[in-house]
Every structure is written in C-alpha cells, then in structure tokens.
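Here's the structure, in structure tokens; my notes come after.
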Amino acid sequence: MTGETEAMTNFIYNMIKEDVEKGILGDKCVHTRFPPEPNGYLHIGHARAVLLNYELARIFNGKFNLRFDDTNPIKEEQEFVDSIMDDIRWLGADWEDRLFFSSDYFEVKYEFARRLIKAGRAYVCDLSQEEIREYRGTLTEPGKESPYRSRSVEENLDLFERMRKGEFPDGNRVLRARIDMASGNLNMRDPVIYRILHASHHRTGDKWCIYPMYDFDHPFSDAHEGITHSLCSIEYTDHRPLYDWIVDNALELYPEAVKFHSRQTEFARLNLTYTVMSKRKLRRLVEESFVEGWDDPRMPTIAGMRRRGFTPASIADFQERVGVSRADSTADLALLEHCIREELETTAPRLMAVLNPVKVVITNWPEGETELTEMDNIPGDESASTRTVPFSGELYIERDDFMEDPPKKFFRLAPGREVRLKGAYIIKCEAAIKDAEGNITELQCTYDPETRSGADTSGKKVKGVIHWVSVEHAAWIKVNLYDNLFTIENPEEERDIDFTDNINPQSLVVCENVPAEPAVAEADPGSRFQFLRKGYFYYDPHPTSGEKPTFNRIVPLKDSWAKIKNK
RNA sequence: UGGGGCGUGGCCAAGCGGUAAGGCACGGGAUUUUGGUUCCCGCAUGCGCAGGUUCGAAUCCUGCCGCCCCAGCCA
C-alpha cells in the first residue's frame with residue numbers, strides 16, 4: 001500500500017497506463033471517482049470499488065473524487081451519506097476537498113437537457129408508465145416509437161419547463177432521449193432521462209420536482225467533474241453506448257460545462273464465500289433480527305467488519321491479492337482471514353484468557369504464594385517488550401486442554417501426563433475430581449520446581465504447552481466468538497430454499513465470564529490482541545451490554561490439531 | 001437468427017503466438033515454551049469442448065457448450 005513500485009497488474013491499470021503513455025489525457029491527470037448512492041451501508045464489495053478508484057488515482061498521481069449519486073430523493077437519506085463517508089475515510093481513501101453530490105449539478109443538467117431538446121434529441125413523452133413499457137418492445141422484438149416523439153422543439157421546451165414548475169403530477173410525463181426504438185440494446189430505446197417526483201430531497205429540499213435518471217446524470221456528472229476513467233460494475237456494460245451518447249452530446253452541445261470525455265470501464269463485483277452481499281438480503285438479516293444491526297460483526301458491511309476488528313490494511317491487502325477482472329468471482333473467506341492473521345501476527349500483543357475454564361489445583365504449591373513471570377508481548381519482537389503475569393497454586397486452563405482418555409497424538413494434559421504451563425512450570429495431572437453427574441470440576445496436579453520457564457534444570461521435554469490464568473488474579477471479561485454467518489460456501493446461489501435457512505446457528509457464541517490475565521485491565525478499547533492459542537480479538541469500543549470489557553473474536557488461530565483430531 | 005459479458009488447478013488470478021507467474025487453500029517435512037509463526041518440498045502433459053491456421057496456439061480462425069446481465073418514470 002505504501003511504495004510507488006507495487007505491481008498492480010490488472011486490465012484497468014494496464015489500460016490507464018496505456019492512456020497515460022499515449023498522452024490521450026492531454027493536460028489532465030488521471031481522475032477517478034467513487035459514486036455511491038446514499039441509500040444503504042457499504043460492504044466489502046464496495047470496498048473493492050473504493051480502493052480501486054483511490055489506488056489508481058494515487059499510483060498515477062491523479063485525483064480521486066467522492067460523489068454521491070443522489071438523484072432519487074425517495075430512497076436516499078443523510079444518515080447514509082454520513083455512514084458512507086465515515087467508512088470510506090476509515091478505509092483510507094482520501095477525497096481531499098473533492099466531496100460532491102450529483103444534486104450539486106441539477107441546474108447545469110437541466111440546461112443540458114434543454115439543449116438536447118433544442119437539438120431535437122430529447123422530447124417530453126406523455127405515455128403512461130405502462131404504455132412506455134409496452135412501447136419499449138421486448139428482448140426479442142423491437143419497440144415502437146412514441147406518438148409524442150416528434151413534438152416541436154417549442155412544445156417540448158414549454159412542457160419541460162412546466163414539468164419543472166410543478167404543473168404536472170408524478171408520473172404524468174417524462175423527458176426522453178431520442179435515440180433508437182429498434183436497438184437491440186434496450187437502454188437505447190429512447191430512455192427516460194427525467195421524471196417528475198414531488199419529493200423532498202435530502203440536500204435540495206423542495207427546490208426540484210423533476211429529477212434526472214442515472215443514465216443521463218452519471219455520464220454528465222463524470223464529464224462535468226473531469227473524470228477521466230469512470231469505473232463501474234459489469235452490469236453497466238450495456239449502458240456504455242448510452243454513456244457515450246450522453247457525453248458526446250454534452251461535448252457538442254454544452255462544451256463549457258464539461259471537461260473531458262471520460263471512459264467507462266466495467267469490472268466484476270466481488271463476492272465472498274459464507275456470506276451474502278445483496279442489499280436486499282443484508283436488509284432482511286437486519287430487519288428479521290438474524291443479526292443485531294448493520295454493524296453486527298458477522299455482517300460483510302464495512303461497519304460490521306470494523307466492529308469485528310478487521311483493519312483497513314487487511315482489507316486493502318485482501319483486495320490487492322484477489323485482484324480485479326471481468327469474470328464473476330467469489331473470493332475465499334480464507335484469504336481475508338489470512339490477511340488479517342498475517343498483519344496481527346506481528347502487531348497484536350499476546351494475552352492469556354481461558355474461554356472455557358476448568359480449575360487446576362497445584363497440590364505441592366506453597367500455600368498462598370504468588371510468583372511473577374515475564375512474558376513476551378510479541379514473540380520475536382524485541383521492541384514490543386514484556387509484561388508481568390502472576391502465577392499461583394490455583395489456575396484456570398481450557399477444558400479442551402485436558403482429556404481423560406486421550407488419543408495417541410494428544411499432547412496436552414491427561415491423567416499421569418505432563419504439560420508445560422506457558423511461561424511457568426511443567427505440571428503433571430494426578431487426579432480429576434468430578435461432581436455427582438460425572439463432570440470434571442477440578443484437576444489436581446503437581447508442579448516440578450526444576451522446570452521454571454527460562455531456568456529449567458530438569459532436562460524434561462514436553463510436547464504440550466498450554467495457557468492459563470491465575471484464579472486469584474483473574475480479570476473477568478466477556479467474549480463474543482464469531483463464526484461464519486452461513487454454513488454453506490455460496491448461500492446466495494441456493495435457489496430452492498430461503499437463504500436464511502442456511503444461517504449458522506453458531507455464528508455467535510457468547511462467553512459471559514472469561515478469566516483473563518490482569519494485564520487485560522489496562523487494555524484500551526479499540527485495540528487488538530492475540531489471546532494465546534485462541535485467536536485474535538478486538539476490544540469492542542461500543543459494547544452493547546454491561547460494563548464488562550467485551551472482546552470480539554476477529555478470527556481464530558489456525559488449528560492443525562482440529563485437522564488431526566477429525567481424521 | 002434480440003443485445004451484451006464471461007469461461008486458465010478447490011477459490012482468485014497473470015498471461016495477449018514461443019512451449020502454463022503468483023496468492024490463498026490443500027498435502028508432506030524441519031524448527032518451535034502458542035498443535036500459532038517461520039522455513040523447505042509437493043500441487044494444471046494442461047487453459048469450457050471440437051475442429052482449423054502455424055515450425056509452434058491458453059493466446060489467431062470457425063463451430064459448439066455452459067454460466068451471468070438487460071424489458072425501473074432504481075442506481
């Protein structure tokens with residue numbers, strides 16, 4: 001993300017490089033933009049578009065604009081403008097002083113529409129919505145021309161002006177581009193470019209009651225801002241001829257309002273395994289309470305991933321590794337997990353916490369004595385220094401780290417067997433105490449004083465090393481263990497059943513009372529740790545319940561024991 | 001006989017006529033006081049299929065097959 005030499009190799013980068021080398025940008029620099037509609041939250045798929053546009057501009061020493069595509073007052077809200085800006089900023093894409101809104105240009109666009117009318121290339125159509133649909137024809141049959149197609153320029157101008165003045169109700173008439181009703185491309189069959197909408201706009205209020213359509217608005221806004229490369233997703237490929245038609249006309253009829261004939265280039269949307277990305281499905285997850293909100297850590301939204309504990313760098317690294325192409329693709333969640341693990345391996349301080357505790361009593365430990373041990377914050381990183389962890393005769397260890405009747409390859413604690421307590425001593429299990437139901441309530445062990453970590457004179461070697469927390473010194477925290485939201489790789493592809501039927505019932509497992517080493521009390525909300533042998537966790541700065549510190553599991557550590565065990 | 005797009009290993013993805021990069025995943029081994037990390041090694045006689053052109057084809061041509069998008073006064 002930092003150097004100028006990164007080898008971005010994708011077809012868009014190559015194309016821009018060629019454009020620059022050929023000098024077709026003239027005196028302009030590379031200029032991109034991210035054009036969200038403020039009608040929802042950004043997700044990991046949008047992050048691709050944000051970062052691609054931003055990075056391309058940065059690499060070529062160009063400019064990157066943020067422009068809200070706010071041409072439909074019915075669906076758009078200020079709340080989304082705010083959350084989108086917040087997410088983009090968090091991702092690290094800097095639009096500097098170039099924050100724009102399509103609605104900023106409503107007046108110029110109105111003038112451009114008038115010029116289209118004067119040139120005989122746009123007309124007011126009185127057909128009803130249903131009639132327009134009928135006249136449009138079908139995928140295999142050409143459309144029919146509207147009876148209003150040949151209205152005089154004067155009449156069109158008058159009608160369009162009256163549309164703006166609010167003389168007609170919603171849906172009463174529209175302004176259409178006059179192109180080709182027989183085109184095989186439905187977008188060219190006299191597309192509607194303005195509709196009447198008596199609705200309050202989040203920025204322009206009630207100033208307007210006619211609003212431009214995307215196909216008219218977007219190309220013009222790009223050209224108006226001087227965007228050189230207009231990147232969008234693959235489904236807009238069919239719209240490209242219309243995009244060019246609009247820009248060509250703007251250049252011809254209204255040259256003072258446009259700076260460049262931007263070029264539209266499409267790339268495939270990004271999907272991720274074990275989740276869904278469609279706005280409709282994400283909304284259902286929230287509205288039907290399968291998750292706790294748009295920022296639930298299980299959601300693929302940027303807000304959710306932030307809350308989960310992912311970092312901007314890990315997301316950028318992920319995007320870079322996935323790459324960009326025009327082919328439909330679904331990236332493997334494992335790659336995203338790899339990226340965050342790789343970053344946190346060298347940056348997250350270690351801490352010990354016992355997620356599912358069972359008590360260990362060291363029977364030969366001097367009554368009431370506490371010993372302090374020094375442990376590395378980040379092994380292998382001298383600058384990360386160490387912390388002090390108290391050790392005593394009563395400890396918690398993971399229930400999983402003990403087996404009464406272990407298989408051959410189990411290296412941890414079992415009756416008569418020894419393990420090392422990380423940073424402390426080697427202990428041997430002498431007895432397992434059970435309650436009336438047969439549940440283990442306590443493990444009685446003895447320690448070997450010769451085996452103190454860093455000063456071991458016993459010569460003993462054990463294969464197992466486990467983490468622990470001193471009962472007396474434990475700090476209590478709450479832990480949210482997150483797992484995949486869906487149990488199948490491609491929940492979006494299921495056609496016969498509702499996608500919610502594949503929701504993972506274990507996607508969130510809450511551990512209300514987790515003992516952790518006392519250093520956890522000094523942690524700052526918003527910081528990340530590795531809970532030794534368990535995974536990477538994020539200290540949630542916005543816990544939803546209680547005052548106890550809450551840690552969200554970002555991702556577990558790789559677990560090769562799980563693989564061995566399941567064989 | 002509508003238009004458009006896409007098909008390279010499990011998932012992504014380079015390659016653009018000179019004999020299949022890379023990452024993740026996966027398998028094996030070494031190191032390891034995290035069954036983590038790190039380090040080696042392995043992993044497409046093959047580029048949707050079938051023909052053709054060429055000394056030579058994933059790359060060019062022809063024909064098939066499969067998947068995706070389009071009939072909003074949404075973006």
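Each chain gets a letter, A, B and so on, in the order its sequence line appears, and its residues count up from 1. The model shown is predicted, which means the values in this text are computed figures rather than measured ones.
If you measure from atom CG of A:D448 to atom P of B:U33, you get 17 Å, rounded to the nearest angstrom. If you take CG of A:N271 and C1' of B:C68, they are 11 Å apart, rounded to a whole angstrom. Protein atom NZ of A:K75 is 13 Å distant from nucleotide atom C1' of B:C73, rounded to whole Å. The CD atom of A:Q530 sits 11 Å away from the P atom of B:U34 (whole-angstrom rounding). Atom NZ in A:K461 sits about 12 Å away from atom C1' in B:U31, given to the nearest Å. Rounded to an integer number of Å, the gap from A:Q129 CD to B:A71 P is 13 Å. Between the P atom of B:C11 and the CZ atom of A:F318 lies a distance of 15 Å, rounded to the nearest Å. For A:I564 and B:G28, the CD1 to P distance is 9 Å, given to the nearest whole Å.
Ion pairing of A:D448 with A:K428 is absent here, as no side-chain N (NZ or NE/NH1/NH2) approaches a carboxylate O to less than 4.0 Å. The pair A:D104-A:R67 does not meet the salt-bridge criterion, since no charged nitrogen lies less than 4.0 angstrom from a carboxylate oxygen. The pair A:R195-A:D170 does not count as a salt bridge, with every side-chain nitrogen at least 4.0 angstrom from each carboxylate oxygen. Ion pairing between a basic and an acidic side chain is recognised when a charged N comes within 4.0 Å of a carboxylate O; A:D401 and A:R533 show such pairing. The pair A:R269-A:E235 counts as a salt bridge, with a side-chain nitrogen and a carboxylate oxygen less than 4.0 angstrom apart.
Using C1' as the reference atom, B:G9 and B:G46 are 9 Å apart when rounded to the nearest Å. Remark: the separation of the C1' atoms in B:G23 and B:C43 is 14 Å, to the nearest Å. A gap of 9 Å separates the P atoms of B:A14 and B:G7, to the nearest Å. Between B:C70 and B:U53, the distance separating the two C1' atoms is 36 Å to the nearest Å. Spacing between B:G48 and B:U59 at atom P, rounded to whole Å, works out to 8 Å. B:C6 and B:U38: their C1' atoms are spaced 40 Å apart (whole Å). With P as the reference atom, B:C12 and B:C68 are 14 Å apart, rounded to whole Å. Separation of the P atoms belonging to B:C49 and B:A57 is 15 Å when rounded to the nearest angstrom.
The A:S325 side chain lies nearest to B:A14 when the options are B:C11, B:A14, B:G35. The A:D238 side chain lies nearest to B:C70 when the options are B:C24, B:C70, B:A75. Picking from B:C70, B:C73, B:A14 the nucleotide with the shortest atom distance to the side chain of A:R195 gives B:C73. Of the candidate nucleotides B:C74, B:C6, B:C26, B:C26 has the atom lying nearest to any side-chain atom of A:K563. If you check B:G2, B:G36, B:A14 against the side chain of A:T140, the one that comes closest is B:G2. When distances run from any side-chain atom of A:M213 to the nucleotides B:C74, B:C70, B:C12, the shortest one goes to B:C74. Minimum atom distance to the side chain of A:V465 is reached by B:U33, of the listed B:U33, B:G36, B:G4. Set against B:G35, B:G7, B:C11, the side chain of A:S560 has B:G35 as its closest nucleotide. For A:Y236, whose side chain is taken as the heavy atoms from C-beta onward, the closest listed nucleotide among B:G35, B:A75, B:A14 is B:A75. The side chain of A:R321 sits closest to B:G23 out of B:G23, B:G4, B:A71.
In this structure, A:F100 and A:Y105 have tilted ring planes: the angle between them lies in the 30° to 60° band.
The residue among A:C125 and A:R452 whose nearest nucleotide of RNA chain B is located toward the 5' end is A:R452. Residue-to-nucleotide proximity on RNA chain B shows that, of A:L197 and A:A268, the 5′-proximal contact is made by A:A268.
Within the 4.0 Å cut-off from OP1 or OP2 of B:A75, not a single side-chain nitrogen or oxygen of A:K279 is found. Dashed line: the shortest gap from a side-chain N or O of A:T71 to OP1 or OP2 of B:A75 is under 4.0 Å. Contact check, A:K558 against B:U37: a side-chain N or O comes under 4.0 Å of OP1 or OP2. When the side-chain nitrogen and oxygen atoms of A:T138 are compared with OP1 and OP2 of B:A71, none of them lie within a distance under 4.0 Å. Of the side-chain N and O atoms in A:R133, one or more sit less than 4.0 angstrom from OP1 or OP2 of B:G72. Within the 4.0 Å cut-off from OP1 or OP2 of B:C24, at least one side-chain nitrogen or oxygen of A:H338 is found. Phosphate contact (OP1/OP2 of B:G15, side-chain N/O of A:N14, threshold under 4.0 Å): present. A:R136 has a side-chain polar atom (N or O) that falls below the 4.0 Å cut-off from OP1 or OP2 of B:G72. Under 4.0 angstrom from either OP1 or OP2 of B:G36 there lies no side-chain N or O belonging to A:R341. Taking only side-chain nitrogens and oxygens, A:T9 never comes nearer than 4.0 Å to OP1 or OP2 of B:G15.
Note: A:Y236 and A:Y214 meet the aromatic proximity criterion, with ring centroids under 6.0 Å apart.
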Q) Given the rule in the ring pair (Phe, Tyr, Trp, His ring centres under 6.0 Å) test, do A:F551 and A:Y538 qualify, once you have shown the distances and angles that lead to the verdict? A) CA-CA 5 Å; A:F551 287 78; A:Y538 178 61; 8.9 Å; no
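Remark: A:K281 is positioned above the aromatic ring of A:F499, its terminal NZ or CZ atom under 6.0 angstrom from the ring centre and at most 45 degrees off the axis.
Between A:Y214 and B:A75, no base-stacking contact is recorded for ring centres under 5.5 Å apart and planes less than 30° from parallel.
Taking the syn range as angles within 90° of 0, the glycosidic angle of B:G17 is outside it, so the base is anti.
A donor-acceptor contact under 3.5 Å is not formed by the side chain of A:D559 with the base of B:G35.
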